[in-house]
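Report on the structure given below.
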Amino acid sequence: RAFGGRHRLSEVYGANAAFGQASARPQSNIPRLDWQEFEDHVSELTRHGIAFVYLLNAPRGRGVTDMSPILDLVGALSSVGVGRFTVCSLTLSAALRKAYPRADITISLTRRVRDLEELKRCEAAGANSVYLDAVTVNRDIPLIRQLLASTDLNVKLYANVSCVRDCPSMDAHYRLFSGGSESESVVRANEAFFAGCTAIKRWSPVEWLQQPWIRPEDISQYEQLGVHSFKISDRLEPTEVLAMKLKAYLRGESPANLFNLIDGAGRKYKLEAGKTRRPVVRSSGISPDFWAHISQTECGASDPKCDYCRTLADTIIDFPELWRQDAESVLANGSIPAPLRRRLAKAVESDRVR
């Protein structure tokens, strides 16, 4: 978050499986703390001037009307110093605003806000802030300008997003966590989404380049548009990896290997330290005109047929050749969601024709 021309870490987000409310993660991946441990965590953040944002952002069906268990939890959280909440449901946002007028409410990425009509609904539901949909909005600069000009909400963007552009399975992936299930089938389904996403990028590195991530060097460009809050993920990463990511964005300088900033320890690629050769994405090969390509061209670094993007990907990205075979194996065994399988098949066919 920018404060008077400088940047700082302003908040940390998370959830606690012990509290019984789902967030947009499999419950088995979420820490389980007792109340004293959780309160100590919040107190330590507060001591350093950092707010804790509690996640209540699992997508919920339209028929969910009993908000009392969630509101009871919010009351308990408020009593230990938590005043910020991220939600998906606008019904929940409105209920929170009514029950806790001083709560700071952010509409989650899982809501996928990407048009003016939805933005106005967020305002009407009493939200303070909103995340715009990363996979469709981050590189649509005219749309960002339009939305910012039409709202008084604090607009936030997800900076180091590693999802493929215009992901055809995004909604289904988010819905997977609606019930907070810890079942083995949910965990397997979650891994299948990741397998499909990474297979697409393994086959065609231009897809990695066209993920809608925001480079640290381009944060200032988004600030000029009027965006001053940026999310950095992933909370499941080791502390040293998260520290590396934070420092890169605070300094406005990407690491030598941009892959480390976007994909961290490479969990989604199942990289093993010392055993698997890491992909290399050379930051030094991305010239200052990359922002101009995003903001001023029809491609917007989102057209897989774009010669500029393909040439740049060929120049700066080194994915192990073996990974193409892995991608073909994923396509052949049919273990990934159908929309991602069709996307991968299209990329394979396009490259063969090319």
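Side chains included, hydrogens not; waters and symmetry mates left out as well; all remaining heavy atoms used. All figures in this text were calculated on a predicted structure; none of them were measured in a lab.
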Under 30°, 30 to 60°, or over 60°: which ring-plane class applies to Phe38 and Phe52, parallel, tilted or perpendicular? perpendicular

Taking the inter-plane angle between the rings of Phe19 and Trp35 on a 0 to 90° scale, is it parallel (under 30°), tilted (30 to 60°) or perpendicular (over 60°)? parallel

Establish, from distance only, whether the side-chain atoms of Tyr13 and Thr86 form a donor-acceptor pair under 3.5 Å. no

Just by distance, with hydrogens left out, do Asn57 and Tyr131 show a side-chain donor and acceptor under 3.5 Å apart? no

Partners passing side-chain contact (heavy atoms from CB on, under 4.5 Å) against Lys268 (at least two apart in sequence or in another chain): Ser162, Phe194, Thr198

List the atom of [X], the atom of [Y], and the distance in Å for their closest heavy-atom pair.
| X | Y | answer |
| --- | --- | --- |
| Leu261 | Ala248 | CD1-CB, 3.8 Å |
| Pro304 | Arg165 | CG-NH2, 3.1 Å |
| Thr151 | Val155 | CG2-CG2, 4.0 Å |
| Arg97 | Ala127 | NH2-C, 4.5 Å |

Asp303/Arg310 under salt bridge (Lys or Arg N to Asp or Glu O under 4.0 Å): CA gap, chis, key distance, verdict: CA-CA 9 Å; Asp303 178 1; Arg310 283 190 171 274; over 6 Å; no

Under a 4.5 Å cut-off applied to non-hydrogen side-chain atoms, are Gln211 and Val161 in contact? no

Evaluate whether atom [atom1] of [X] has more than 12 neighbouring non-hydrogen atoms of other residues, nucleotides or ligands under 6.0 angstrom away.
| X | atom1 | result |
| --- | --- | --- |
| Arg251 | CZ | no |
| Glu240 | CD | yes |
| Glu117 | CD | no |
| Lys120 | NZ | yes |
| Asp34 | CG | yes |

Identify whether the distance between the nearest side-chain nitrogen and carboxylate oxygen of [X] and [Y] falls below 4.0 Å.
| X | Y | value |
| --- | --- | --- |
| Asp234 | Arg267 | yes |
| Glu44 | Arg47 | yes |
| Lys156 | Glu11 | yes |
| Arg121 | Glu118 | yes |
| Glu253 | Lys247 | no |

Not counting sequence neighbours, which residues clear salt bridge (Lys or Arg N to Asp or Glu O under 4.0 Å) with Asp218? List them please. Arg215

Are [Y] and [X] an aromatic pair, judged by ring center distance below 6.0 Å?
| X | Y | value |
| --- | --- | --- |
| Tyr269 | Phe259 | yes |
| Tyr222 | Trp291 | yes |
| Tyr100 | Phe85 | no |

Do Arg139 and Trp213 form a cation-pi contact, if we require the NZ or CZ to be under 6.0 Å from the six-membered ring centre and within 45 degrees of the ring's axis? yes

Could you go through Arg8 and Leu246, starting from their C-alpha distance and side-chain angles, then the distance that decides it, and tell me whether this counts as side chain to side chain contact (heavy atoms under 4.5 Å, CB included)? CA-CA 9 Å; Arg8 57 161 292 186; Leu246 176 61; over 6 Å; no

According to a 4.5 Å side-chain heavy-atom criterion applied to Ile, Leu, Val, Met, Phe, Trp and Tyr, with indirect links allowed, do Leu242 and Phe230 form part of one hydrophobic cluster? no

